[in-house]
Amino acid sequence: MEIIHTVAALKMLLAPLQKADSKIALVPTMGALHKGHLSLIEMAQKQAQIVVCSIFVNPTQFTDPKDLERYPRPLEHDIKMLYDAGCNVVFMPSVKEMYPSFPTPEHWQVDLGPAEFLLEGEFRKGHYQGVTQIVKKLFDAVQPDVAFFGQKDFQQVLMIKNMVKYFNMEVEIVSCPIIREEDGLAMSSRNIHLSLTDRENALVLSKALTYVATHFDQENLPTLLAKAKTMINETPGVVLDYFTIADGETLLPIENKNAAHPVALVAAKVGETRLIDNVLLS
Ligand code: PAF
């Protein structure tokens with residue numbers, strides 16, 4: 001496994017492989033890897049000859065400096081996990097490598113469509129501009145044929161697909177299923193911050209989503225939403241940001257169940273940690 005720190009070195013390594021028509025997959029991450037990330041690597045290995053995993057805690061997508069500061073960075077552990085998983089290349093650039101003028105911001109504004117400003121976009125203003133800015137830089141550096149992202153960040157996958165359309169890029173975006181702990185908690189690098197009590201309380205998010213998924217055909221939308229929100233609001237230590245049943249492409253709340261791609265999405269603060277989760281309803 002090669003560990004690379006600069007775009008120039010990465011391009012030099014990948015150029016002959018690209019010339020030889022090897023299929024290259026990229027798995028972009030911010031590190032603090034868990035089984036969810038490993039599932040992305042495994043999916044990538046099934047579809048490509050070379051798998052590049054990037055580890056970069058991207059400052060431009062954090063709206064809260066404290067969140068950036070406390071983001072976990074267990075680099076040795078991450079590298080071992082990637083080595084054991086048979087990843088081919090790890091790209092671990094510095095902030096200066098990706099943003100040479102940092103901390104002076106680079107100009108970046110992409111039209112990601114109206115869904116940018118809903119849900120996470122409402123609570124984390126500018127977040128998806130930051131995400132798409134770094135993902136575009138990573139795509140430019142790696143020139144992957146295919147890139148893998150977790151469905152847990154449902155809106156992120158949609159925004160990245162919109163960015164790819166905006167720039168007419170050729171990379172295929174694959175959304176991979178959410179990996180859950182045995183008790184239903186969606187795996188996330190942020191779970192490390194949950195106390196034992198938070199961890200217990202956080203289960204209400206997947207329980208509320210499961211309730212909606214299993215009763216979607218029987219109960220009407222207002223009842224489903226009311227029940228899910230009540231479950232969450234009645235759980236101590238959990239502060240709900242949103243729970244919605246939305247169209248998977250516009251992210252607007254659906255008005256009837258015939259919507260093409262209904263999805264239930266939730267975000268809440270559990271103790272000091274903000275968690276998101278979702279479930280597809282079709
Ligand atoms: O999902 C993440 O870990 C990040 O948002 C991503 C896609 C690696 C961009 O920094």
Side-chain angles (χ1 to χ4, degrees), residues 4 7 10 25-41 43-44 51-65 67-75 77-78 81-82 87 89-95 97-99 102 105-106 108 110 112 115-116 119-121 123-142 144 146-164 166-167 169 171-179 186-193 265 267 273-278:
I4 305 283
V7 173
L10 184 66
L26 173 64
V27 179
T29 80
M30 296 206 298
L33 304 180
H34 49 70
K35 284 190 197 146
H37 295 110
L38 289 188
S39 76
L40 304 183
I41 302 278
M43 294 269 272
V51 177
V52 180
C53 177
S54 61
I55 299 180
F56 181 68
V57 182
N58 173 37
T60 68
Q61 72 188 74
F62 284 82
T63 42
D64 174 1
D67 193 23
L68 171 61
E69 205 178 296
R70 76 179 201 140
Y71 201 84
R73 292 164 170 90
L75 275 184
H77 157 272
D78 288 349
M81 264 179 100
L82 291 174
C87 179
V89 182
V90 185
F91 180 49
M92 287 174 36
S94 65
V95 173
E97 179 69 12
M98 298 317 280
Y99 299 107
F102 193 83
E106 290 173 12
W108 174 265
V110 178
L112 300 170
E116 179 193 350
L119 309 181
E120 288 306 290
F123 285 86
R124 304 172 75 189
K125 300 242 179 306
H127 173 64
Y128 290 116
Q129 290 298 325
V131 169
T132 51
Q133 182 180 24
I134 191 62
V135 172
K136 171 75 164 58
K137 280 174 184 270
L138 292 168
F139 284 178
D140 288 346
V142 177
V146 55
F148 293 80
F149 297 87
Q151 181 211 304
K152 189 176 81 64
D153 294 285
F154 186 89
Q155 190 172 7
Q156 168 169 283
V157 180
L158 182 67
M159 294 297 102
I160 290 168
K161 284 184 177 165
N162 289 354
M163 186 268 285
V164 164
Y166 180 90
F167 288 110
M169 299 180 94
V171 53
E172 180 194 350
I173 304 300
V174 179
S175 172
C176 305
I178 300 176
I179 305 296
M187 290 199 186
S188 161
S189 306
R190 288 190 160 86
N191 290 353
I192 203 168
H193 295 309
L265 301 120
T273 308
R274 192 165 178 282
L275 299 178
I276 58 173
D277 198 353
N278 66 79

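When a residue number appears, it is its place in the shown sequence, counting from 1. Just follow the structure's listing: the first ligand is 1, and inside any ligand the first atom is 1. Just the heavy atoms: all of them, side chains too, but no hydrogens, waters or symmetry mates, feed the values below.
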Around ligand 1, what residues show up once you keep those with a heavy atom under 4.0 Å from it? Pro28, Thr29, Met30, Asn58, Gln61, Ile134, Phe149, Gln156
Give me each pair satisfying salt bridge (charged side-chain N to carboxylate O under 4.0 Å, His left out) with a member in residues 125-136, each pair once, sequence neighbours excluded. Lys136-Asp140
I'd like to know if the side chain of Asp78 reaches the main chain of Ala32, judged simply by a donor and an acceptor atom lying under 3.5 Å from each other, with no hydrogens or angles considered. yes
More than 12 heavy atoms from other groups under 6.0 Å of CD1 on Ile192: no
Just jot down the side chain to side chain contact (heavy atoms under 4.5 Å, CB included) partners of Asp153, sequence neighbours excluded, or say none. Gln156, Ile276
Between side-chain atoms of residues 33-40 and protein atoms elsewhere (two or more places apart, or another chain), which donor-acceptor pairs fall under 3.5 Å?
unit_1 : atom_1 : unit_2 : atom_2 : d
His34  : ND1    : Gly36  : N      : 3.0
His37  : ND1    : His34  : N      : 3.0
Ser39  : OG     : Gly36  : O      : 2.6

From CA spacing to verdict: ring-ring contact (aromatic ring centres under 6.0 Å, His included), Phe91, Phe56: CA-CA 8 Å; Phe91 180 49; Phe56 181 68; 8.3 Å; no
